[in-house]
Trainee: 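Can you read through this structure? Questions will come right after.
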Amino acid sequence: VSADARAPLMSRRRLLGVLAGAGAVVGVGGVAGVVRIATGGDDYDGVIAGIRRVGRAHLDSDSTSGREQDLRRGLPDGWVPPTEEPLPQLTELGDAVAADFTEGRTVEVAGWRLSETEARAAALIAIETGAR
Amino acid sequence: MLIDARDLPAGTVLQTDVCIVGAGAAGITMARRLSGRGRRVLLLESGGFEADPATSALASGDLVGEPMGFFGAQPPLETMRLRYFGGSTNHWGGWCHPLERHDFERREHVPDSGWPFDLAHLDPFYEEAQRVCQLGVYRYDLAWWGEQGAGEAVLETDRLGTTVMQLSPPTRFGEVYRDELVAATDVEVCLWANVVDLDLEGDRVTAAEVVVLDGDPFRVEATTFVLATGGVDVPRLLLACTRDRPAGIGNHNDLVGRYFADHPHLNCRVALNATGHDLRLYAVVGTELDDPDIPAPAATSAAVIAQPEVAAAEGLPGFGALFNGMAPEDEAEVTSDDVGGLAAAIAGGRPTTVGMLAVRAEQRPNRDSRVRLGRGRDATGLRVAEVDWRLGADDRAGFARIVDLVADEWGRAGLGRVKTAEEGELVADRTVDIGCHHMGTARMHTDENHGVVDPDCRVYGTANLYVAGSAVFPTYGWVNPTLTIVALAVRLADHLAQGAGT
C-alpha cells in the first residue's frame, strides 16, 4: 500500500497488518506464501511473459478465437501486438476494454473475468511471440 | 462476587432478580448495564476463566447441512464458539460496523426481511456499544473519515461504494470486564454452571436447573431469566425444555431454531491496478485522531459495497468486500501477477496490487435452515445441537451477481480484475467460508406467528424469559454481528432495569 504521508487531522501510526479477520480469507496454515502488496516501480520484467500465459489460456479455451481475423475483431485498425517490453500499444486498448466491461463483452480466461478485447490482444501477443 | 459452582452443596438454591445464562458479549454487557440499577444479577457461565476441554466438549454437535468452511476446512461445532468466561469474544476478530439502514427495512426481494424497528431506534444503543467494544466515535461514514485523513475511496465507481469499518482492540470481554463484575455488590458471577432445563409455572419461568460437571446440581430461582448463549445454544435449550411445553419453550409455532444463518464469505483473487492510487483506506491501519476528545478505534479498514440505490434497484444481497493483501500462493497456470500485468499495461501503469477479496455476503432468511436437537447427549445429559445450515438457490444466485458486479465494475473503471471461478467452478457456487456468526434462531417479530421473541426480546408464550444475542436477528445484513449484539444487550438491560419481566 502506498503510504501517503499527508495526514491533516489523523496520523496513522502503525500498519497493523492486512489479515482480514476471522473467517475472512486465509488461514494460518493456508498461507503458503504471502503475496506482496506492490508499491509501484519501473520493473517490467516478466509482464509480457504473464500476458503470454493469459493469451495462451484464452486460445486453449476458445477454438474459434485462434483465427487471427477473429482475434483482431474489436481491436484498433492496424494494431500491432507488442512482442517486447515496454508495452505502450496496450494503452491504446483502454477505451475498448472499458466499453467491453460496460456492455458485457467479457470472457472468463482461466477463471479471470477479462474483456474480450484484452483477451484477444493477449492471444495475439501469445501467437506473435511464439507461444502458440 | 464470584461463585464456583463446584463448591456448592447439593440442594443449593440461588435466588436473584435477573438470571443471565451465558457470559459472552451479550451476557457480560447486560450484567454490567444492570449493575447499580436496583436489580440483583446472577451471571451463569458454563466454563471458568480459561478454556477447558471438558466444558468445550459440551458445545459439540452435528453439522448436517451445507459445508461451513473456515480457513478452508470444516471446523467442528465446538470450535465455532467458545464456552468460557467472555464467550466467543475470546477469539473475536474485532470487526465492527452497525447494520445498515436498509437491513432494518422490509425488502420486497428478501422474504421475511426486516426488523420491528429502524436504525434510528438502535442508534443510542450502538453509541453505548461503541464504548463497550472499546471503539471510537460512532461514525462510519466515508465523508467524515475522509476529513480525518483516512484516505480516499479509490475503489468506488458509480455502482460500487465504500464504507468504513472500525476494529476493536479486540475487546476480550472476559478479561476486560471480569474484575468489575466480580467486585460489583449486586452481581454474582457463577462459573462452571450449565443450565439444562427451565421450570415453568403458567407463563413464568420460575427456576433454572443447573448441572455442574465436577459438582452437584443446583437451582436458580429468579424473577427474570435471560438466555445469552448464542445462536446455537439458545434454541438448543429452548427445544430441550419439553417438560411443560412438549414442543419446547417458545416453539408453539415451530420457529425455534429455524432461520439459522451465518455470513457466507466468498474469496476471490484480485489484481488491483493501484498505480497512482492510495489504498490506505482499505487496509487495516491503526488510528490516532489529532483531537484527543474524539475517541479513536484501534484501527480502521473499509469495505466495498454496492451503492445503495443500485442494491435496491437490482435486488442485490447486502455485501461488503474487503481487500486482503495476503493470499495463498497462486500456483495456477495463469496467476494474479499475469492478469495484473495485463490490466496494468492497458491502464498505462504498473505493477498491480494482488491479493484476495473477501466478500462478506448477506444470507437471506431461510426457514429450512435450522438448529435441531441431535440424537446424542453431552456430559450434562442435554441433547446436542444438530446444525442444518442451508443456502438457497437465491442465495447462490445473489452471490454470483455480487461477484459479477465487482468484476465488471472494476474492469470498466480500470481498477483491476477479479477471478470469478476456481478450478472451473464459480466462486459463488463453491463451498463458502463462514464467519461463525450464528444468527436468527430465535428471531424477533411483532407477530408471534412469525417470531420467537417480541420486539423487547421476550420469548412469546412466557412472561419473564428473554433472549439476548444474535439469535434474535430477524435479518442479518453483511456486517459482523458483535456490535449489534452488544447494542441489543444494552437495550434489553435498560428495558429490564425499568422493571420489565418482573
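Below, all heavy atoms of this structure are taken into account, side chains as well, without hydrogens, waters or symmetry copies.
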Trainee: Among the options B/L426, B/D404, B/I294, B/V427, pick out the one with the most heavy-atom pairs lying under 4.5 Å from chain A.
Mentor: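 Result: the option with the highest number of such pairs is B/D404.
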
Trainee: Identify which part of A/E118 has an atom lying under 4.5 Å from any heavy atom of chain B, answering side chain, backbone, both or neither.
Mentor: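 Looking at A/E118, backbone and side chain both touch chain B.
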
Trainee: Could you give the side-chain donor-acceptor pairs of residues 405-416 of chain B under 3.5 Å, partners two or more places apart or in another chain?
Mentor:
residue: B/D408; atom: OD1; partner: A/R113; partner atom: NH1; Å: 2.9
residue: B/E409; atom: OE1; partner: B/T157; partner atom: OG1; Å: 2.5
residue: B/E409; atom: OE1; partner: B/R412; partner atom: NH2; Å: 2.7
residue: B/E409; atom: OE2; partner: B/R412; partner atom: NE; Å: 3.1
residue: B/E409; atom: OE2; partner: B/R412; partner atom: NH2; Å: 3.4
residue: B/W410; atom: NE1; partner: B/L155; partner atom: O; Å: 3.2
residue: B/R412; atom: NH2; partner: B/D158; partner atom: OD1; Å: 2.8

Trainee: Please name the pair of heavy atoms, one in A/G94 and one in B/I346, separated by the smallest distance, quoted to 0.1 Å.
Mentor: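 So the minimum-distance heavy-atom pair works out to CA-CG2, 3.8 Å.
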
Trainee: Compare every heavy atom of A/A122 with every heavy atom of B/L342, then report the nearest pair and how far apart it is.
Mentor: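 Looking at all heavy atoms of both residues, the closest pair is CD2-CB, 4.3 Å.
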
Trainee: Restricting to non-hydrogen atoms, name the atom on A/R53 and the atom on B/V334 that form the minimum distance, rounded to 0.1 Å.
Mentor: O-CG2, 3.6 Å

Trainee: Considering only heavy atoms, which portion of B/V270 lies under 4.5 Å from any heavy atom of chain A: side chain, backbone, both, or neither?
Mentor: backbone

Trainee: Which bit of B/V339 is near chain A, if near means a heavy-atom gap under 4.5 Å: side chain, backbone, both or neither?
Mentor: both

Trainee: Counting only heavy atoms not in B/Q74, do more than 12 sit closer than 6.0 Å to its CD atom?
Mentor: yes

Trainee: Can you say whether B/S336 sits under 4.5 Å from chain A via the side chain, the backbone, both, or neither, judging by heavy atoms?
Mentor: both

Trainee: Shortest non-hydrogen contact from B/G348 to A/T91?
Mentor: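 What the structure gives for the nearest pair is CA-CG2, 3.4 Å.
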
Trainee: Which region of A/S115, side chain (C-beta onward) or backbone (N, CA, C, O), has a non-hydrogen atom less than 4.5 Å from a non-hydrogen atom of chain B, or is it both or neither?
Mentor: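 The answer is neither part of A/S115.
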
